[in-house]
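Here is the structure we will look at.
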Amino acid sequence: PAVAPPAAPQPPPQTQPTRAQTPREFRYLVRMDTTEPIAYDPTDVEAKWQRTWAERGSNQVNIEQAERPFYALMMFPYPSAEGLHVGNLFAFTGSDISARFHRQAGYNVFQPLGYDAFGIHSENYALKIGAHPMELTPKNVANFQRQLERSGLMVDWRHKVDTSQPDYYRWTQWVFLQMYKQGLAYKKAAAVNWCPSCKTVLANEQVQAGACERCGSTVEQRFLEQWFFRTSEYAERLLRNLDWLDWSEVTRSAQRNWIGRSEGAEISFVVEQHDAEVRVFTTRPDTICGATYLVLAPEHPLVDLVTTSDRIDAVRAYQERTKRQDLVSRKTVLEKTGEFTGAFATNPASGARVPIWIADYVLMDYGTGAIMAVPGHDERDFEFAQTLAGAFESACGMTQAQVIVRVVASGEEDASTPLDAAFAGSGADARLVNSGAFDGLSVAEGKAAITASLEAKERAKAVVNYRLHDWCVSRQRYWGPPIPIVYCDSCGTVPVPEEQLPVVLPFIADFKPDDSGVSPLARHAEWFNVDCPACGKPARRETDVSDTFLDSAWYFLRYPSATRDNVPFDLDITARWLPVNSYIGGNEHAVLHLLYSRFVTMALKDGGHLDFEEPFTRFRAHGLIIRDGAKMSKSKGNVINPDEYVVEWGADSFRTYLMFLGPYQEGGDFRSQGISGVRRFLDRLWGSVRDARRDGDPDPDVMRKLHQVIRKVGEDIPALAYNTAIAAMMEYMNVLRRSERTAHVAEVEPLVQLVAPFAPHLAEECWATLGYAKSVFDSGWPVWDAALAEESTIEIAVQVNGKTRGRVFVPADAIQDDVLAAALGEPTIAKFVTGEPKRVIFVKGRLLNVIA
RNA sequence: GCACUCGUGGCGAAAUUGGUAGACGCGCAAGCCUUAGGAGCUUGUAGGGUAACCUGUCCCGGUUCGAGUCCGGGCGAGUGCACCA
């Protein structure tokens, strides 16, 4: 599948900006006392331009007819009660700069924003303060809206979405129904992660080291009827497409890890005295002759069948013990436990008699729920064998077998036995032994040969497994979109007809979750009692709501069509704008939101609703902002409130500083002091624009620097190298200031255009001051002129024997002999050259290296 | 344990295909201007040395005329995944 990367923005033909005919209307913002520094008042300037943009509809794009559409997406925030976090602003500003740049470069840029307002966050907070989420959320949204509008983002607010509003979640429910229709949504009783504090089921992705990622409570295992999406069916596609997606490597690798593809084999071991076989999954079929026992997951269905009568009590007790065990101990306790079933099976390769155990280090939900244990070559099996050595001796007298040896440097085998650790090597230094006909093979050869040999006997087949599980989308909570399903005694499970959507979330005062395992909605008969859409008889609504991540898994499809109320997304509009050209966001969503969004897009494509399967052609993960070397947290008291800084320094300075403090994709350290340097730069910019002369000619030396900086900024912004773009502009400002004469208009005008994506309000103010009526964002992107940027005299570094000894200034087109002559003419360089140079290396425009 | 990203002044950080290490900014120092200044302006600022010079990009090797950059091996940090066979 070839999707062309987004074309590098080509500046449109430069049009001559028209001078304003009207007199300047803005207030003079500088205190005219000459002893005062040049400084502008961002409070007035920013308010003025935000008003002007709103009045002019400057941020609006023609959705139906845009000729050069560019969809710039940023991750929408969850509207917390605390308000906008500096991390939000860092993310948004970086996206906004890219969007504004593309606009100046001639694209019709659509940059929407909205609110991920449903979810446990909001609900838990409402519970905590004794409020109702349906009342609290709009307040939080309003507060966010106020803060966002002050930060100067070029957002087309006509396309705002709010996932908690019926006109949005109506279509979230529609997405659910498409999944259901396509057989991708199903219900099953499953062991699920249950958070006893949040009183809800969590997706695997929301469990961190056995604890709830939201509240930190120990997660328990429960068996509940749940709705799932078949994400695992898409595992291979989700993995494969990562190869060609233009995404940050960190994000791709996180997804690869999460999908967790493993190639191996399923191998059957026949159980003695039963007409049954244990199927195991292994990635190391080459070690099969070292498989000295089998282990089933405690809940494996074969356990009841094979367990011998003398072992039945112990096995049952073990099953009970592990069933009740919560996931924390399952995931973190390293001590291996297990129980012998009394049964034996036959190793299909070696013919050896192997005992069958159960142990909770084998997971029922991966592979076949059973393994062949190779203590000689697997650390976990080794540990199990060590821990239970006594039991082994008495139960079945098993031994460890060595079937892979390390080949030491001399080519000899390192046959140290007995093993004191598992040797898990599989590279060039490993070779098969004690494996009959397969001795001497490498691991890779052994895998292939043994699998083929067992396949011939119908005892094995090559398989691929994924760690990716199906997505559990049910939540036994209140603050989410009700799942649009009705249960009818006659008709069974009935999807709500699309024309009856939305299934509106009712306002209920009592929305607190309880321990019952059912949603609070299940306590409201007046809501869940409904007539069956199919037969009209009394029926019952599904009372679970769906996972918040379903809301955000398709919101990018909604934005362009957000003004349409009859379809989730308009086909023409979608064809024009999607897939998203540029998505910028935090990598904390690498495996949750971004994977689900890809899955939903693929599923909708398969359902015939879309004609592309990857939603985000280009994704860039931004870094994290820390404060004075430490992560920001309430307990440390080092959380930044953007409002304070915006009031003190202005949104433009704050934005620009956030972009300047480090490489955007790596994040950086926020130091309160640092912002002053950026503000100084903007003040100076304002000063030179205000005082710019129109008489005389621009200085050619300054113009040369100007064209160099135009080039630099134009290259840096698409690469998200915002910090160096700003540095280059500062450098140019220093050139201007050190120039003998007051800056000429021609020397500052393009700089205003360059700075506009970073400091949009000030740029507009400057642009108006320069006499333009139209917005600077419709003025184009300055064109870099190679001829004007070229230096006539250049500096060449001179090395002698690879050591830098000085520099010479020569004409730009100087050839090697000229440079060499110039270099040898410098006594400080010549003194290191004794006799005739043996060799001379010349890199044009850069360096001369004389080997003496 | 596995994967990814990354180790450069007092600090945040720059550095095209390998080609003048430390741009830009903070901080600091000196000076100017001020009744005053957490303002503004000028200059300096990797370390050592009066100087010529010498030493310097986490450590050890390698490739190269030349390595912060490439290769091999360590050490350290951050993030993600993790009893996934």
Side-chain angles (χ1 to χ4, degrees), chain A residues 35-39 205 208-209 248-258 260 262 264 280-284 287 295 330-336 359-363 365-374 378-381 383-384 424 465-469 587-588 590-591 621 623-624 626 628-629 631 657 660-663 665-678 680-681 683-684 715 721 723-731 733-734 737-738 795-807 828 831 838-843 845-851:
Chain A
T35 64
E36 282 294 308
I38 294 162
E205 290 84 339
Q208 301 293 324
S248 292
E249 182 53 37
V250 276
T251 313
R252 295 200 296 175
S253 110
Q255 291 212 351
R256 286 198 184 99
N257 279 333
W258 187 260
S262 289
V280 304
F281 173 70
T282 179
T283 54
R284 292 293 302 273
T287 63
V295 188
R330 188 176 112 175
K331 290 205 170 181
T332 57
V333 171
L334 296 172
E335 205 170 284
K336 296 281 187 289
D360 65 352
Y361 80 94
V362 174
L363 309 177
D365 55 8
Y366 182 76
T368 59
I371 63 158
M372 63 175 206
V374 184
D378 181 278
E379 281 173 31
R380 294 150 305 185
D381 298 341
E383 191 192 333
F384 185 76
N465 267 308
Y466 302 90
R467 296 186 198 186
L468 183 70
H469 286 74
N587 211 38
E588 67 273 18
V591 291
L624 233 61
I626 55 172
D628 297 327
K631 226 175 187 167
Y657 176 61
F660 181 62
L661 56 69
Q665 291 178 85
E666 282 163 42
D669 194 353
F670 187 98
R671 286 164 188 270
S672 311
Q673 285 173 325
I675 195 169
S676 62
V678 167
R680 250 194 293 273
F681 162 65
D683 279 338
R684 288 165 178 169
E715 286 171 355
N723 55 335
T724 52
I726 295 165
M729 291 188 283
M730 287 174 164
E731 216 173 331
M733 179 51 64
N734 290 339
R737 287 167 60 232
R738 274 155 204 163
E795 200 178 303
I796 301 274
V798 181
Q799 299 184 336
V800 179
N801 294 328
K803 261 186 177 315
T804 305
R805 294 299 183 183
R807 57 210 57 181
T828 53
K831 71 179 177 184
K838 293 196 188 89
R839 193 179 156 194
V840 176
I841 289 134
F842 179 60
V843 183
R846 290 208 168 267
L847 156 144
L848 183 82
N849 189 4
V850 181
I851 313 302

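By convention in this document, chain letters (A, B, ...) are assigned in the order of the sequence lines, proteins followed by strands, and residues within each chain are numbered from 1.
Residue A:Thr251 places none of its side-chain N or O atoms closer than 4.0 Å to OP1 or OP2 of B:rG80. For the OP1/OP2 pair of B:rA14 and a distance below 4.0 Å, the side-chain nitrogens and oxygens of A:Asn723 include at least one atom meeting the criterion. Here A:Thr724 does not reach the OP1 or OP2 of B:rA23: none of its side-chain N or O atoms lies under 4.0 Å away. A sub-4.0 Å separation between OP1 or OP2 of B:rU55 and a side-chain N or O of A:Lys803 is present. Residue A:Arg680 places no side-chain N or O under 4.0 Å from the OP1 or OP2 atom of B:rC41. The phosphate of B:rU79 has neither OP1 nor OP2 within less than 4.0 Å of any side-chain N or O from A:Asn257. The shortest distance between the side-chain N/O atoms of A:Arg467 and the OP1/OP2 oxygens of B:rA85 is below 4.0 Å. Contact annotation: A:Tyr361 side-chain N/O to B:rA85 OP1/OP2 distance is not under 4.0 Å.
When heavy atoms are screened at a 4.0 angstrom cut-off, A:Val843 is found touching base atoms of the nucleic acid. Residue A:Gln799 is in base contact, counting any heavy-atom pair closer than 4.0 Å across all strands shown. If you check every strand for non-hydrogen atoms under 4.0 Å, A:Val798 touches nothing. As judged by a 4.0 angstrom heavy-atom cut-off over every strand, A:Ile851 is placed among residues touching the sugar-phosphate backbone only. Within the nucleic acid shown, A:Asp381 has no heavy atom closer than 4.0 Å to any nucleic acid atom. Residue A:Glu795 is classed as a base contact, given a heavy-atom separation below 4.0 Å to a base.
From A:Met730, atom CE reaches atom OG1 of A:Thr724 across 12.0 Å, with rounding to the nearest 0.5 Å. Note: A:Leu847 CG to A:Ile796 CD1 = 8.0 Å, rounded to the nearest 0.5 Å. Here the straight-line distance linking atom OG1 of A:Thr828 with atom CZ of A:Arg807 works out to 10.0 Å at 0.5 Å rounding. Once rounded to the nearest 0.5 Å, the distance linking CG of A:Asn723 with CG of A:Leu661 reads 8.5 Å. Here the straight-line distance linking atom CD1 of A:Ile371 with atom CG of A:Asp378 works out to 7.0 Å at 0.5 Å rounding.
Rounding to whole angstrom units, CZ of residue A:Arg671 and P of B:rC28 are separated by 13 Å. One interatomic measurement links the two molecules: CD of A:Glu666 to C1' of B:rU8, which rounds to 13 Å at whole-angstrom precision. Look at NE2 on A:His469: it is 15 Å from P on B:rC81, rounded to the nearest Å. For the pair A:Glu379 CD and B:rG1 P, the interatomic distance rounds to 9 Å; values are reported in whole Å. One interatomic measurement links the two molecules: CZ of A:Arg684 to P of B:rA39, which rounds to 12 Å at whole-angstrom precision. Taking atom CG of residue A:Leu661 and atom C1' of nucleotide B:rG27, one finds them 16 Å apart after rounding to whole Å. Rounded to an integer number of Å, the gap from A:Arg839 CZ to B:rU64 P is 11 Å. The OH atom of A:Tyr657 sits 11 Å away from the P atom of B:rG27 (whole-angstrom rounding).
The listed nucleotides are B:rG19, B:rC4, B:rA82; the one nearest the side chain of A:Leu847 is B:rG19. The side chain of A:Gln673 lies closest to B:rC26, out of B:rC83, B:rC24, B:rC26. Comparing B:rC81, B:rC24, B:rG12 by their nearest atom to the side chain of A:Trp258 picks out B:rC81. Between B:rC41, B:rC65, B:rG80, one nucleotide has an atom nearer to the side chain of A:Ala254 than all others, and that is B:rG80. Between B:rA85, B:rU20, B:rC54, one nucleotide has an atom nearer to the side chain of A:Ile371 than all others, and that is B:rA85. Nearest nucleotide to the side chain of A:Asn734, out of B:rU20, B:rA15, B:rC24: B:rC24. The listed nucleotides are B:rC24, B:rC65, B:rU5; the one nearest the side chain of A:Glu249 is B:rU5. Comparing B:rA85, B:rU20, B:rG12 against the side chain of A:Ala797 picks out B:rU20 as the nearest.
Both A:Phe281 and A:Arg807 lie near RNA chain B, and the one whose nearest nucleotide falls closer to the 5' end is A:Arg807. When the nearest nucleotides of RNA chain B are assigned to A:Met372 and A:Met730 by heavy-atom distance, the more 5′-ward of the two goes with A:Met730.
Between the side chain of A:Tyr657 and the backbone N or O of A:Arg671 there is at least one donor-acceptor pair closer than 3.5 Å. In this structure a side-chain-to-backbone donor-acceptor pair under 3.5 Å is present from A:Thr368 to A:Ala370. A:Asn849 places a side-chain N or O within donor-acceptor distance of the main-chain N or O of A:Gly802, the cut-off being under 3.5 Å.
Remark: B:rA15 base-pairs with no nucleotide in the shown strands. Criterion, Watson-Crick or G-U wobble with two distances under 3.5 Å. Pairing for B:rG1 is with B:rC81, a Watson-Crick or G-U wobble pair whose two hydrogen-bonding atom distances lie under 3.5 Å. When both pairing distances are held under 3.5 Å, B:rG40 makes a Watson-Crick or G-U pair with B:rC32. Pairing of B:rU50, defined by two Watson-Crick or G-U wobble distances under 3.5 Å, is not identified with any nucleotide. With both pairing distances under 3.5 Å, B:rC70 is matched to B:rG62 as a Watson-Crick or G-U wobble pair. Figure legend. B:rA23 is base-paired to no nucleotide; pairs are counted as Watson-Crick or G-U wobble with both atom distances under 3.5 Å. Using Watson-Crick or G-U wobble geometry with both donor-acceptor distances under 3.5 Å, B:rG76 finds its partner in B:rC6.
No side-chain N or O of A:Asn465 forms a donor-acceptor pair with one of A:Ser262 less than 3.5 Å apart.
On the C1' atoms, B:rC24 is 24 Å away from B:rG31, given to the nearest whole Å. The gap from the P atom of B:rC6 to that of B:rC71 amounts to 13 Å, rounded to the nearest Å. Of the P atoms belonging to B:rG66 and B:rC11, the separation is 32 Å, rounded to the nearest Å. Nucleotides B:rC58 and B:rC54 place their C1' atoms 22 Å apart, quoted to the nearest Å. Using atom P as the reference point in both B:rG68 and B:rC75, the two lie 23 Å apart (nearest Å). To the nearest whole angstrom, the two C1' atoms, one in B:rU69 and one in B:rA82, are 33 Å apart. A gap of 23 Å separates the P atoms of B:rA77 and B:rG72, to the nearest Å. The same atom, P, is picked in B:rU20 and in B:rA3; the two are 34 Å apart, to the nearest Å.
The glycosidic torsion of B:rG9 lies within 90° of 0, which places this base in the syn conformation.
Judged by atom type and distance alone, A:Lys838 does not reach the base of B:rC65 through any side-chain donor-acceptor pair under 3.5 Å.
By the 6.0 Å and 45° rule, A:Lys336 stacks over the aromatic ring of A:Tyr361.
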